[in-house]
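Report on the following structure.
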Number of protein chains: 2
Amino acid sequence: MAFLSAYDPRRYDPIAVTVDVVALTIRVVESVPTLHVLLVRRGRRPFVGRWALPGGFVRPEAGPDGARRDEDLPEAAVRELAEETGLAASTDRRAVDRRLARVYLEQLGTYGTPGRDPRMRVISVAYLAFAPDLPDPIAGGDAETAAWVPVAGVDRDHMAFDHARILDDALERAASKLEYTPLATAFVATEFTITELREVYEAVWGQALHAPNFHRKVLSAPGFVEDTGATTARGGARGGRRARLYRAGTARLLHPALLRPGQEEAR
Amino acid sequence: MAFLSAYDPRRYDPIAVTVDVVALTIRVVESVPTLHVLLVRRGRRPFVGRWALPGGFVRPEAGPDGARRDEDLPEAAVRELAEETGLAASTDRRAVDRRLARVYLEQLGTYGTPGRDPRMRVISVAYLAFAPDLPDPIAGGDAETAAWVPVAGVDRDHMAFDHARILDDALERAASKLEYTPLATAFVATEFTITELREVYEAVWGQALHAPNFHRKVLSAPGFVEDTGATTARGGARGGRRARLYRAGTARLLHPALLRPGQEEAR
DNA sequence: AGAATAGTGTCTATTAGACAATATCCT
DNA sequence: AGGATATTGTCTAATAGACACTATTCT
């Protein structure tokens with residue numbers, strides 16, 4: 001940090017720091033499990049009426065003792081997610097924590113190209129979140145609407161700021177994460193079937209997978225899933241065997257990995 | 001960005017934004033190719049005398065017309081690298097570009113935990129750089145020293161700020177990048193031998209590799225390397241065949257990947 | 001019964017890793 | 001000549017992908 005002392009940011013126009021969240025979940029649409037992203041429709045300028053990622057400024061906060069207590073970045077991301085989903089009133093920390101406890105959060109990247117916000121210099125730290133099926137969001141107090149939107153139906157050409165690019169980066173990261181980590185389990189309930197897990201992969205990768213081979217690969221990766229001993233209460237609605245129930249294992253990485261098919265000729 | 005309009009950062013203490021760079025290169029120490037990182041010894045408080053990553057504030061800059069012209073983040077990273085390495089005077093853009101043209105740069109992550117800088121709230125965007133053998137750095141104008149330091153010899157317990165953690169994250173990212181991308185070529189000259197490439201892998205992964213199999217794997221990954229048709233002028237100093245020379249191919253990803261050995265029992 | 005879903009067997013092509021052997025080039 | 005380095009051959013185990021088949025449960 002060569003100039004940490006020589007440079008005083010207070011003498012310049014400040015750089016604003018925001019946190020944006022790409023929250024992904026799987027919802028069933030017409031019997032098809034489909035990848036959705038949480039978006040808000042902006043109620044203010046700029047980009048009024050456009051879809052945007054939920055997010056907002058990182059700000060100093062007053063702690064219980066009234067002293068300044070800055071937010072950590074992941075903390076700010078969870079707060080934005082909680083506020084926009086309406087999962088809890090922002091004052092009710094306990095409820096927020098309970099409902100969002102199972103949400104997986106990781107940093108995606110930071111976007112700071114000058115001009116990405118027409119008003120001022122803004123640096124956005126983007127986070128990627130994987131969530132099990134959450135309720136429909138309740139519109140925040142800022143007169144926007146919020147909704148889970150199927151990613152295939154997102155009109156990227158009309159998104160606010162550079163959020164279309166952030167979304168694309170997030171989708172690629174998510175697809176890649178499923179290859180090397182057991183994070184697909186973050187999209188399903190605590191107990192799940194191998195078929196449900198496969199539907200997560202199919203929704204995120206956007207392609208059908210060979211069910212028998214998928215089954216075997218999941219079971220052969222140590223620590224991916226643990227057998228609960230139980231099965232589903234019923235078979236499929238139109239018949240079919242009951243499925244065994246699993247819970248997430250303890251592995252952080254998959255060995256061997258579950259690679260996307262048809263990635264041969266990578267440019 | 002829910003509160004983009006409701007919140008005016010000018011009313012609060014500003015958040016400072018810095019860029020830090022983890023620049024890695026391979027240098028031969030006692031005949032052993034060894035991974036080095038560029039570090040600066042701090043000449044100012046806080047952390048006087050401690051090793052730190054090169055970096056500095058992202059700042060508004062006056063363009064040729066005198067108007068404000070903000071730096072993009074990667075641009076700031078290259079500037080810091082150029083200033084600290086003494087590869088070019090900071091004002092001479094052309095010279096910077098020429099010497100650093102072959103440096104690969106990617107964003108590593110953003111570190112913003114409150115308290116990581118004792119003076120004020122600082123958000124640091126860290127970049128990872130892979131460089132071919134660069135000259136010894138020339139101490140910057142800020143009375144620090146700068147040097148390429150073997151990563152194995154870095155005293156992590158006495159680094160400034162949270163730079164030890166950033167360095168660890170960078171090393172893990174670098175090791176992982178070599179598995180899935182052809183970026184090892186960023187560490188060597190434009191023409192190189194398979195052995196030199198293997199030495200990059202061995203230095204970054206910290207373990208010896210099986211030379212014959214490595215050779216075949218590199219050649220079997222489409223687009224990793226291109227044969228130049230030429231060979232080295234001489235064999236090894238103590239005898240040995242001349243090696244064929246290759247240049248970097250056009251692939252962005254390696255298929256199949258070159259995986260680190262002995263990663264089986266990942267926690 | 002018949003359809004639907006879950007799960008297992010098996011075969012082939014590809015890849016990973018080990019070891020052996022060959023090809024060149026230095027002193 | 002003899003050691004050193006680069007490159008190719010060959011064999012075995014593991015993995016990926018395809019297809020066939022069995023097991024179970026629904027209407």
Side-chain angles (χ1 to χ4, degrees), chain A residues 28 31-33 178-180 191-199 201-202 205 207-222 224-225 227-246 253-265, chain B residues 28 31-33 178-180 191-199 201-202 205 207-222 224-225 227-246 253-265:
Chain A
V28 176
S31 309
V32 180
L178 292 203
E179 293 188 310
Y180 302 107
E191 298 204 340
F192 52 87
T193 67
I194 303 290
T195 296
E196 288 168 343
L197 204 57
R198 175 167 49 80
E199 288 168 345
Y201 276 87
E202 291 176 334
W205 287 353
Q207 60 183 316
L209 298 177
H210 187 108
N213 287 343
F214 179 86
H215 196 105
R216 235 176 327 227
K217 284 194 204 177
V218 168
L219 295 186
S220 75
F224 191 175
V225 298
D227 196 336
T228 65
T231 65
T232 52
R234 291 180 35 93
R238 288 164 304 200
R241 190 170 171 173
R242 291 180 188 172
R244 200 171 291 220
L245 285 169
Y246 297 85
L253 291 174
L254 295 185
H255 285 275
L258 274 161
L259 300 178
R260 277 172 279 185
Q263 291 279 103
E264 324 304 325
E265 55 278 77
Chain B
V28 176
S31 309
V32 181
L178 293 204
E179 294 188 310
Y180 302 107
E191 298 203 341
F192 53 87
T193 67
I194 303 289
T195 295
E196 289 168 343
L197 204 56
R198 176 167 48 80
E199 288 168 345
Y201 277 85
E202 292 176 333
W205 287 352
Q207 61 184 316
L209 299 177
H210 188 109
N213 288 343
F214 179 86
H215 196 103
R216 236 178 325 228
K217 284 193 203 178
V218 168
L219 295 186
S220 75
F224 191 175
V225 298
D227 196 336
T228 65
T231 65
T232 52
R234 289 181 35 92
R238 287 163 305 200
R241 189 169 171 174
R242 292 180 188 172
R244 201 172 292 219
L245 286 169
Y246 297 84
L253 292 174
L254 295 185
H255 285 273
L258 273 160
L259 299 178
R260 278 173 278 185
Q263 293 280 104
E264 323 304 325
E265 54 278 78

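By convention in this document, chain letters (A, B, ...) are assigned in the order of the sequence lines, proteins followed by strands, and residues within each chain are numbered from 1.
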* Mind checking B:T193 for me? I need base, sugar-phosphate or nothing, with any heavy atom below 4.0 Å counting as a touch. => nothing
* **Gap between atoms CD and P, on A:E179 and D:dA16 respectively (whole Å)** => 12 Å
* Asked: Rounding to a whole Å, what distance do you find between A:R216:CZ and C:dG7:P?
  -> 12 Å
* To do: Return the value, rounded to whole Å, for the distance between atom CZ of B:F214 and atom P of D:dT7.
  => 12 Å
Exercise answer: donor-acceptor pairs, residues 208-219 of chain A side-chain atoms, under 3.5 Å, sequence neighbours excluded:
unit_1: A:N213; atom_1: OD1; unit_2: A:R216; atom_2: NH2; d: 3.0

* To do: Rounded to the nearest 0.5 Å, what's the gap from CZ on B:R244 to CG on B:D227? Could you check?
  => 5.0 Å
* Structure fact -> Note: A:L178 and A:Y201 closest approach over all heavy atoms is O-OH, 2.9 Å
* B:L219 has an atom CG; how far is it from atom P of D:dA6, in whole Å? -> 13 Å
* Interatomic spacing from CD in A:E191 to CG in A:L245 - rounded to 0.5 Å -> 5.5 Å
* Asked: So what is the end-to-end bend of the helix from C:dA1-D:dT27 to C:dT27-D:dA1, with 5 pairs used at each end and the value given to 10 degrees?
  -> 0°
* Nearest heavy-atom pair of A:P256 and A:S220: which atoms, and what distance? -> CD-O, 4.5 Å
* **5′-ward residue of the pair A:A243/B:N213 relative to DNA chain C** => A:A243
* To do: Give A:H215 one of three labels, base, sugar-phosphate or nothing, depending on what nucleic acid heavy atoms sit under 4.0 Å from its own.
  => sugar-phosphate
* To do: List the atom of B:L258, the atom of B:W205, and the distance in Å for their closest heavy-atom pair.
  => O-CH2, 3.1 Å
* Structure fact -> Sequence neighbours excluded, the answer for side chain to side chain donor-acceptor pair (under 3.5 Å) partners of B:E202 is B:R198
* To do: Could you tell me the separation between the CD atom of B:E179 and the OH atom of A:Y180, rounded to the nearest 0.5 Å?
  => 8.5 Å
Show every donor-acceptor pair shorter than 3.5 Å between a side-chain atom in residues 230-239 of chain A and any protein atom, with sequence neighbours excluded, or say none if there are none.
unit_1: A:T232; atom_1: OG1; unit_2: A:R234; atom_2: O; d: 3.0
unit_1: A:T232; atom_1: OG1; unit_2: A:A243; atom_2: N; d: 3.0

* Roughly how far, to the nearest 0.5 Å, is the CG atom of A:L197 from the CZ atom of A:F224? -> 4.5 Å
Close N or O pairs between protein and nucleotides 11-16 of chain C (under 3.5 Å):
unit_1: C:dA16; atom_1: OP1; unit_2: B:A257; atom_2: O; d: 3.4

* To do: Please state how far atom CZ in B:R260 lies from atom C1' in C:dG17, giving the value in whole angstrom units.
  => 18 Å
* Asked: What is the per-nucleotide protein-contact pattern of nucleotides 22-27 of chain C, from the 5' end, where B denotes a base atom under 4.0 Å from a protein heavy atom, S denotes such proximity for sugar-phosphate atoms only, and - denotes neither?
  -> -BBBBS
* Which part of the nucleic acid, if any, lies within reach of A:R244 when heavy atoms closer than 4.0 Å are counted: base, sugar-phosphate only, or nothing? -> sugar-phosphate
* **For A:R242, all residues meeting side chain to side chain donor-acceptor pair (under 3.5 Å), sequence neighbours excluded** => none
* Return the value, rounded to whole Å, for the distance between atom NE2 of B:H210 and atom C1' of D:dG9. => 12 Å
* Calculate the interatomic distance between A:E202 atom CD and C:dT5 atom P; express it in whole Å. => 13 Å
* To do: Measure the distance from OH on B:Y246 to P on D:dA6 and round it to the nearest whole Å.
  => 12 Å
* Report the residues that fulfil side chain to side chain donor-acceptor pair (under 3.5 Å) with B:R241, sequence neighbours left out, ordered by chain and then residue number. => none
